Number of protein chains: 2
Amino acid sequence: MAGQEKRPIVTVDTVLFTLRDGRLATLLQRRDKPPHAGSLALVGGYVRPEEDASTTDAAARILAQKAGLAGLFLEQLATFSGPVRDPRGWSLSVAHYALVPEAALAAAHDLDAFPVDDPPPLPFDHGAILAAALARIRNKGAWSSLPALLLPETFTLPDLKAVYEAVMDERLNDSAFRRKITELRLIEEVPDARSPATAERRRPAQLYRLARRALVAFDRVI
Amino acid sequence: MAGQEKRPIVTVDTVLFTLRDGRLATLLQRRDKPPHAGSLALVGGYVRPEEDASTTDAAARILAQKAGLAGLFLEQLATFSGPVRDPRGWSLSVAHYALVPEAALAAAHDLDAFPVDDPPPLPFDHGAILAAALARIRNKGAWSSLPALLLPETFTLPDLKAVYEAVMDERLNDSAFRRKITELRLIEEVPDARSPATAERRRPAQLYRLARRALVAFDRVI
DNA sequence: TTAATAGTGTCTATTAGACAGTATGGC
DNA sequence: GCCATACTGTCTAATAGACACTATTAA
């Protein structure tokens with residue numbers, strides 16, 4: 001019977017998305033072990049059959065252990081595999097992506113934010129994984145409440161429009177956006193709550209919250 | 001150092017879609033080895049790092065070896081994993097789906113067709129994989145030329161409409177369908193070619209072919 | 001009062017669906 | 001000629017985008 005090398009190396013990697021100065025950003029971590037020690041890379045690690053109930057479970061465990069992140073929206077993206085993507089040998093990585101609202105970042109550690117459209121050079125095939133995750137979030141943004149999961153519990157309509165614009169990387173029509181969001185019953189008013197005015201906000205706005213906490217898919221584009 | 005059991009078992013499985021009597025069907029194969037020997041199941045097998053360049057490459061190899069299928073549209077679906085899905089231990093299967101036009105079936109062997117919405121009981125988590133593949137093809141059908149890949153090289157507009165209806169499991173408006181298909185420039189006429197009349201076809205129709213052989217994504221729904 | 005952002009109303013262009021109606025070929 | 005199916009034209013309803021307009025609040 002042949003040894004371990006008959007089975008691929010199995011890892012998971014997660015693309016972390018967050019907002020930075022109103023722009024979509026990705027969070028990277030400096031690797032402390034070879035291969036590619038010292039490089040900025042996606043947060044990833046080995047799947048441990050003895051503790052993980054699934055690869056998504058493994059991704060969640062690794063996010064908690066290596067970056068202090070928990071409770072995120074986390075979803076499988078795709079699986080990347082081949083003989084050359086990792087110098088340790090034929091490897092397979094189940095890529096995931098996760099959305100990190102500001103509140104989750106407070107407890108996090110060892111992460112650096114970079115604009116999604118101008119990341120540093122990445123080791124392995126992490127550049128391709130990031131590109132695939134970006135394509136997924138942009139497409140899903142048009143069709144679901146996904147971008148709203150980057151916001152805090154309560155938010156204003158201008159906030160919500162801005163995060164859809166940041167995710168999808170295009171300008172939206174204001175009145176059409178309000179019309180669609182309200183018709184879809186995606187959000188509900190927080191009674192008697194208005195946002196404070198800030199440097200960018202000359203005038204308070206009505207606060208809303210998601211009508212459902214989970215990801216909701218729409219039957220038409222936002 | 002621990003042995004092989006520290007790495008998951010890595011397999012691929014492919015959901016095969018085809019047309020049967022104008023309805024969307026899936027092709028299953030009787031397993032000749034344990035576990036679940038004798039059961040009808042998806043076509044699948046081990047990834048072989050020494051010969052496969054990727055998991056999709058492994059899926060193509062296994063389709064050729066076990067079913068005589070080659071040259072199909074074959075795409076990764078998602079990865080299914082966990083400790084209990086396979087009695088051999090913690091396992092991971094990269095699920096794919098493929099489209100089998102009638103011509104490819106001619107050379108195929110050891111496959112049985114079943115209606116997609118009424119398959120036999122399936123072993124492992126193959127039922128869940130089939131359901132996920134069906135959801136994917138239905139969704140993608142509305143947004144791309146994917147259903148056309150189930151047809152022969154040339155086909156009529158009524159044929160094309162029927163395959164979209166079979167894939168998406170809904171009736172389409174005839175004139176709207178023709179309008180969209182032609183505006184999208186998905187297809188081109190085959191000059192001076194008309195389909196023969198058949199039992200179901202009282203009147204010959206113009207033959208078309210795909211303007212591009214590959215999968216084309218549209219920016220709006222069919 | 002002013003400036004800037006929040007929010008509303010309405011017009012128009014686009015497009016999907018319904019469906020009537022014409023064309024064509026086998027019998 | 002009859003009938004079924006292929007194909008076309010047109011009306012209408014739904015909806016997205018443009019954009020003018022009003023409302024509100026901090027300074």
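Quick caveat: nothing in here was measured; it's all calculated off a predicted structure. Just so it is clear: chains get the letters A, B, ... in the order the sequence lines come, proteins before strands, and each one is counted from 1. Excluded from the calculations below are hydrogen atoms, water molecules and symmetry mates; all remaining heavy atoms, backbone and side chain alike, are included.
Listed nucleotides: D/dC7, C/dA6, C/dA16. Nearest to the side chain of B/K180: C/dA16. Nearest to the side-chain atoms of B/P204 among the listed nucleotides C/dG7, C/dG25, C/dA16 stands C/dG25.
In this structure, A/L172 places its CG atom 16 Å from P of D/dC19, rounding to the nearest Å. One atom, CD1 of A/I187, and another, C1' of C/dA6, lie 14 Å apart when rounded to the nearest Å. Note: CZ (B/F177) to P (D/dG9) measures 18 Å, nearest angstrom. In this structure, the CZ atom of A/R171 is 14 Å from the P atom of D/dG17, given to the nearest Å. Summarising the geometry, the separation between CG on B/D174 and C1' on D/dA4 is reported as 14 Å, rounded to the nearest angstrom. When rounded to the nearest whole Å, the span between CD of B/E183 and C1' of D/dG9 equals 14 Å. What separates CG of A/N173 from C1' of C/dT12 is a distance of 13 Å, to the nearest Å. C/dA16 atom P lies 14 Å from atom CD of B/E170, rounded to whole Å.
At a cut-off of 3.5 Å, with distance as the only test, no side-chain donor of A/S195 or A/T156 sits close to an acceptor on the other residue.
At a threshold of 4.5 Å between non-hydrogen side-chain atoms, the residues A/D159 and A/V163 do not count as touching. Using a 4.5 Å heavy-atom cutoff, the side chains of A/I222 and A/I181 are in contact.
Residue order along DNA chain D, read from the 5' end via each residue's closest nucleotide, puts B/S175 first among A/A176 and B/S175.
Regarding contacts with the backbone of D/dC3, every side-chain N or O of B/R203 stays at 4.0 angstrom or more from both OP1 and OP2. Residue A/R194 places at least one side-chain N or O closer than 4.0 Å to OP1 or OP2 of D/dT25. Considering only side-chain N and O atoms, A/K161 lies nowhere under 4.0 angstrom from the phosphate OP1 or OP2 of C/dA6.
Contact check on B/R61 versus B/D57 returns no salt bridge, with no Lys/Arg side-chain nitrogen under 4.0 Å from an Asp/Glu carboxylate oxygen.
As judged by a 4.0 angstrom heavy-atom cut-off over every strand, B/R179 is placed among the base-contacting residues. The residue B/R178 sits close to a base: some heavy atom pair falls under 4.0 Å.
One N or O on the side chain of A/R30 and one on the backbone of A/G38 form a donor-acceptor pair closer than 3.5 Å.
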